[in-house]
Structures are given as structure tokens and as C-alpha cells.
Amino acid sequence: MRHIVSLLMENEAGALSRVAGLFSARGYNIESLTVAPTEDPTLSRMTIVTSGSDDVIEQIIKQLNKLVDVVKVLDLNDGKFIERELMLVKVKATGAFREEMKRMCDIFRGRIIDVADGTFTIELTGSGHKLDAFIEGLDNAAILETVRTGASGIGRGDRILKV
Amino acid sequence: MAETTHPHQITGAEIVIRCLEQENVKFVFGYPGGAVLHIYDAIYKQGHFKHILVRHEQAAVHAADAFSRATGEVGVALVTSGPGATNAITGIATAYMDSIPLVVISGQVPVPAIGLDAFQEVDMVGVTRPCVKHNFLVKDVKDIATTLKKAFYIAKTGRPGPVVVDIPKDITAHLADFVYPESVEMRSYNPVTKGHSGQIKKAVKLLLEAKRPMVYTGGGLVLGDASELLVKLVKALGVPVTNTLMGLGGYPSTDKQFLGMLGMHGTYEANMAMQDCDVLLAVGARFDDRVIGNTDHFYSKDRTIIHVDIDPSSISKRVKVHVPIVGDVKSVLAEMNELVALEKPTQSPALKAWWTQIESWRGKLCLDYNNSNGLIKPQYVIEKLWEVTKGDAYVTSDVGQHQMWAAQYYKFDKPRRWINSGGLGTMGVGLPYAMGCQFADPTAQVACVTGEGSIQMNIQELSTCKQYSLPIKVILLNNRYLGMVRQWQEFFYENRYSESYMDSLPDFVKLAESYGHVGMQITKPEDVEGALKEAFDMKSRFVFMDFITDQKENVFPMIPNGKGLSEMILAEDL
């Protein structure tokens, strides 16, 4: 099953490689991994999207907790949560494509953030499924380039991951 | 412009020395080189600890590791950058797999040169990351003291393990005030010590009500110094007990409640009791593949498992447990003992029947071997070693058949006496391990049980043994084969002995003598005991004993790879 694991870690050189190294060394899946400093600059927050049986997920959580740089770990799937991902898509915007792209962007509540003679760059935020649906909805020939951040997640309501 | 210096400031190298002093380090095992020259200069000027010069960095880490295994203290090794650092890796990985607390200090190229492919540069923090508990790169002289304080703290607390501290050369020349922190506060590292009382109560109730109870303990019990508490618990409950390869000595081997080692080469009675018990108490052990074998086969019988371990990730990793107790084995066993004492248990008819069953398994005499054919049997050498040393030696081993025979036939009654590489299975540890033990206990009898394959993997340390006059006794079980490889080839590869013959062996007697040691070759069974006595009587000499043993002897019992605990091959089956 797909799980989203959030963690807080010391914002130190090499901390990211410890997490990435753990996943490769133990053969765990990583669908995506995002990391950036938090409002407290000594801490980084990471969101890892992984998948595995309950036993594997339990081991992943335990192994992450064991890393000396990791301060707190939360399996977001243990409760209600929200996930969002950002995608930038550069598409062809010539002839009929120009109006079609504008329309698709509106339907998915994206924003065109760069306009050039023959291209648009569209910014779209949402769950991974929504971003997938947008890509599927586009004419494949129109897609010039895509870049996705990977999911970020946060618990709903009172579920707070903080030191 | 001249740098203004504070009168109390000292160099980074001197700070390193002062930190080791504050940690009360007695021995540093190491090898000098460019990046650690400042540190070696500071070592020259100090008088607190003794530096032991090895002949290869791998041996420095193994010796520090054995020093820790024998004493319980943190072992310390010092190596230079680049090849010095990479040579240390096998030692570090060996300690990591067996959870041995080490601080390994490695030199690094100067900070401005890092990343420029400088001479003798290697990314030590990157290279060691998968085989350390934690590691640090120190980039400011002011951080040396706090980093080393943290390194020692992390190495020895929680589930212990090796910690690498990589220090660039320029940092060891920079000046700073020396302040050693009194304590360590880390928000990200707070190992649990006390087990959950409710779970402990539940565990004790299960053990008291068990019809076929069994206790299984591993290296964690030895590391946690909880042997006495284990003996008390096992005696009070009247239950059978087994130790893993790493756990030998955790419970006295000569006691009648001890069923011997379990696992791939464990005894018939220990493995059968593991399989058939209804309540299993596991303490500081991790149900690994060499112990439990096939987990599906293990699950084919119902039993309730209680697992005490300081590392939550060791619990339910390979085998699902029912009563997990995360905590320090010492504190948990102490609490269990208190609860058991309140109950004053007496032997139930069910437990009596269980012992009858166990005695019938024991009656198989699975460790009996045929000792009549004129060739030296390796098992016989170990039995005689046990007799001659009165069961009180530190026994180190390398990896292979000889390791299993030493584990099976030397009856360890005390913890921290059996020193071997259980997890990583590192050939070549035996001799440096013996060095670490001899430094830890200079007047003790130290025997290195080895094979002619393994001993050649760190044979250069004969020179270190000469330099420090270490009276180690090498017990070489020389069968002219990589015995364990040959055994598997005989059983599973239709006798195709691919590259397992050890040809072109040196004359070990002359080799030992060339280093100024005593060399002996023993070829007849009737000479074994006398030679051992003669060797151990030479209390101040290093003696290399080359026992020419039966080439085709195999280790039994044996659970073939992938099979279950009760699917052993016994010597009598063949």
C-alpha cells in the first residue's frame, strides 16, 4: 500500500543522504522524496512517498527513527491528511493548441506563468492523481517538458508534526 | 598578519588527545599517515594512553573492536585519510553488524582541498554511512570536543555501534580553547532504557504458565552485561536456555539447563526445543537467518514469542513477535526477576514432561564424533584446548568450520570470553581480535582458533604481536581446505571443490619463527594435549600451533540453507 511518511530531521550536511541511503540499502521503495528547511532553520522537513506491506512500512518507520539525525517520524496514513504536489508543464501553444491549452489549464485550475511565441508554461498544484489526470488529458504531442516536485503532506486538523 | 592567539588555546590535534583522555581511553589502535601527522605529533607528547601500532588499518579496527568486546569499554582506532580510511572499512562493518561500540577517528584532507580529488582523499562519511551507527565530518576546530563527546555517547548508548569522526588535517592545526562538555543533549537521539512494565508483567505471566518454555539469548545480553540476571531468571523458572553464536557465555555452558548453541550448526536439543516450545523468551537476539533458518517452517508450530531488545527495529523484523519489550536487557531482566521472585514458581508436571522430552533429544549426543582414525580431529583439539585452559581463556576465532567447532566444543562459562565475527563473518579477525583481548587482559590466556585460510588474511599482525610481546596462542586447525566452502561444495555442489583447496601454504613454523615467535607443528592425535600444555606453559611467548587435521571433517549438526530448525543433518545420518 502507498504510504506518505513525514519526518523532521536536523538540517545538517549529509542528513538527506542518510535517508536516501537507508532506502536503497534495505531495498525499500521511494516513489518521491521532497525536503526543505522549516520555519526553524535547524530543522528540515521531508515527505517520502513509499509503498510496501504493513510489515515493511513498520520497519521503514523504525529504521527512520533509528537514524541519529532524525528527530520525529510520522506515517501520515495513520490518520487524515492532505497531500499536494506542484507540477510545471511546458506545452506547445501554436495554432489550435493555444486556445486548447488555455482551456485545459482553466479546467484544472492551473495558471499560465510563462508565455512565449510558441509555448506556455503551466503551473498546476494538487494531488498526484490530479496531476496525472491533467497529463493524460493533454494531447501527448503538445507536451514539451514536465517537472514535478513530488508530494508534500500534512495532517488534518490537530495532527501536528513539530518538535 | 599574525594570528592573535589566546594563551590557553591548543591545537585541534591536542584537543583530540585531551578528549580521549577525558573519555579515559587506555589504548588507541592505529597507523599514521599524512592527514593525521598533527595528531600523531600530539600523541608523541602525551602520556595518558598507549598507542598500538598495527601493520594494517583493518587490524587496528578489529583490535579496538575486540578490546571493546572483552572489556565493555568503547574501542578506539585512528587511521589516516584515503587508503587508511578505506582499509578500516571491513573492521567498521564487522563491528557494526555485531553492535560493538567503537570510535574510529580518520584523518581527512584539509577542508579547502575536500572535493578536489586531493592526494589520499576519500569521502569517508559517504563511504562509511551504511556501516556505522553514525558519523561526523568536523569542519571547525571549535567542534572537535563536542563531536567526540557525542561520538562516545552515541557509540555506547542504546544499541551500541561504531561511530566515525573524520577530521581534516588543517582543523587539527587550528587553535581553540579546550572545553569538554559534561553531558550530551540531542533532541534527535534518546534511546529507551526502561521496558514497559505492563508488557513485562504479561511476559512473566506467560513464562510462569508455559508448558514448554524456552529462553533464547544473543549478543545483546552480553553487550548489556546482563548474564547474572539471566542466570537468576532461568534458575528461578527452571527452564531450558540456549545462546546464539554471539551470545555464548551469556549463560554458563557447563550448566545442565543450557542446551548448547542454536542455529545452523546448533545442537539438536536447542533447535528442537526452539521449534517445539510454546512460550519463547528472546533476549538481545534478532532471529536472523543463521539462527531461525526458514521462517515459514518456524511459523508451522504455534508459540508465543516475547522479545526483549533495546532496538525497536530488531523486533518483528524477520519473525513476528507477540510481546515486544523495548528496553535495556539489564533493567528488563531485573524487573522480571522481581516479579518471578514474588511468585516462587515450582516445577509443574508440564515442565517436568518438557524436560523429559529435552533429555531424550539430548540423548542423541549430536556433538559426538569419531575420534579413532589416527588423524587429528579438529573437535578434539578444541576439547583439549578447553581442558588445558580450564575453560577460562579468551577464545577468538576467524570464520569457517574452525569457528563453529570452537563455538560447539569450547564450553564458555563467562560472557565476553568468546570473541568472533558473528554478523559480518569476517575472515581475518582472529589474530587482531586476540591482540585486542591480550591488551585488555595482559595476563590472561588468549587463544586464537583459526584456519589456514583465515589466518593468512591478517598474517602481517605477527609483527605487531612481536613488537608488543603478546603471549597469544594461535590454534591453527590446518585442513588444507577452505573448510566451510568445501563442506558446502561436498553437500550441495556434488563434490566440485572449486577453488577451495589452500595450496602453496607457507611453513607456518618457520614463518612464526621468522618473527621471533615459537612455532610448533602437531600431526598426531596423541601429541595434541601435550603440545597445548607446553604452549600455554610458555606464559610470556607467542606460540603458533599448526595442527594438521583431518581434511574431510564436517561440521554437524547442520541445517541446510533455507531449511527449518528441526530439519538438521546429523553426523549419524550420513
Side-chain angles (χ1 to χ4, degrees), chain A residues 3 5-30 33 35 37-46 48 50 52-75 78 160-163, chain B residues 93 96-97 99 111 114-115 123-140 143 147 150-151 153-155 157-166 184-192 286 295 299 307 309-321 324 326:
Chain A
H3 277 247
V5 179
S6 277
L7 57 96
L8 290 170
M9 58 200 296
E10 298 291 352
N11 185 13
E12 279 172 16
L16 169 62
S17 65
R18 290 183 208 280
V19 174
L22 169 69
F23 274 73
S24 64
R26 295 194 181 265
Y28 304 143
N29 297 314
I30 298 187
L33 185 160
V35 62
T38 63
E39 75 284 2
D40 171 354
T42 66
L43 281 175
S44 284
R45 169 127 175 186
M46 185 181 281
I48 304 165
T50 182
S53 64
D54 289 351
D55 290 349
V56 170
I57 299 295
E58 185 185 330
Q59 265 298 310
I60 289 175
I61 304 287
K62 284 174 171 179
Q63 294 290 347
L64 285 169
N65 267 313
K66 207 165 130 179
L67 292 175
V68 171
D69 281 339
V70 170
V71 185
K72 264 190 180 169
V73 183
L74 178 68
D75 180 358
D78 283 347
I160 290 165
L161 177 62
K162 209 175 163 62
V163 172
Chain B
Y96 180 65
M97 284 292 269
S99 306
V111 173
I114 291 178
D123 171 14
M124 184 60 166
V125 165
V127 169
T128 56
R129 197 186 56 234
C131 60
V132 291
K133 183 169 174 188
H134 199 57
N135 57 21
F136 296 94
L137 169 64
V138 186
K139 286 179 123 173
D140 188 326
D143 295 336
T147 306
K150 276 185 192 169
Y153 174 69
I154 293 170
T157 51
R159 179 177 180 174
V163 178
V164 165
V165 181
D166 198 31
V184 180
E185 282 276 331
M186 292 175 78
R187 62 182 170 183
S188 63
Y189 179 72
N190 297 292
V192 177
R286 56 191 179 90
T295 49
Y299 289 139
H307 191 179
D309 205 291
I310 199 151
D311 176 8
S313 76
S314 280
I315 295 178
S316 291
K317 182 169 68 180
R318 252 193 117 238
V319 166
K320 263 272 176 232
V321 310
V326 177

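Chain naming here is simple, since letters A, B, ... match the order of the sequence lines and numbering starts at 1 in each.
Annotation: the span from Phe136(B) atom CZ to Glu12(A) atom CD amounts to 8.0 Å, rounded to 0.5 Å. Going from atom NZ of Lys317(B) over to atom CD of Gln63(A) covers 6.5 Å, rounded to the nearest 0.5 Å. Note that the NZ atom of Lys72(A) and the CZ atom of Arg187(B) stand 11.0 Å from one another [nearest 0.5 Å]. In this structure, CZ on Arg18(A) lies 4.5 Å from NE2 on His134(B), to the nearest 0.5 angstrom.
Contact of Lys139(B) with chain A is not made at all, since no heavy-atom distance falls under 4.5 Å. Heavy-atom distances place both the backbone and the side chain of Ile315(B) under 4.5 Å from chain A. For a residue to count as touching a neighbouring chain, one of its non-hydrogen atoms must lie under 4.5 Å from one of that chain's; by this rule Asp69(A) touches chain B with backbone and side chain alike. For Asn190(B), no part lies under 4.5 angstrom from a heavy atom of chain A.
Contact detail for Lys66(A) and Ser313(B): the closest heavy-atom pair is NZ-OG, 3.3 Å. Across all their heavy atoms, Gly21(A) and Arg129(B) have their closest contact at CA-NH2, 3.8 Å.
The environment of Lys320(B) atom NZ is dense: over 12 non-hydrogen atoms of other residues, nucleotides or ligands sit within 6.0 angstrom.
A donor-acceptor contact shorter than 3.5 Å links the side chain of Ser188(B) to the backbone of Val68(A).
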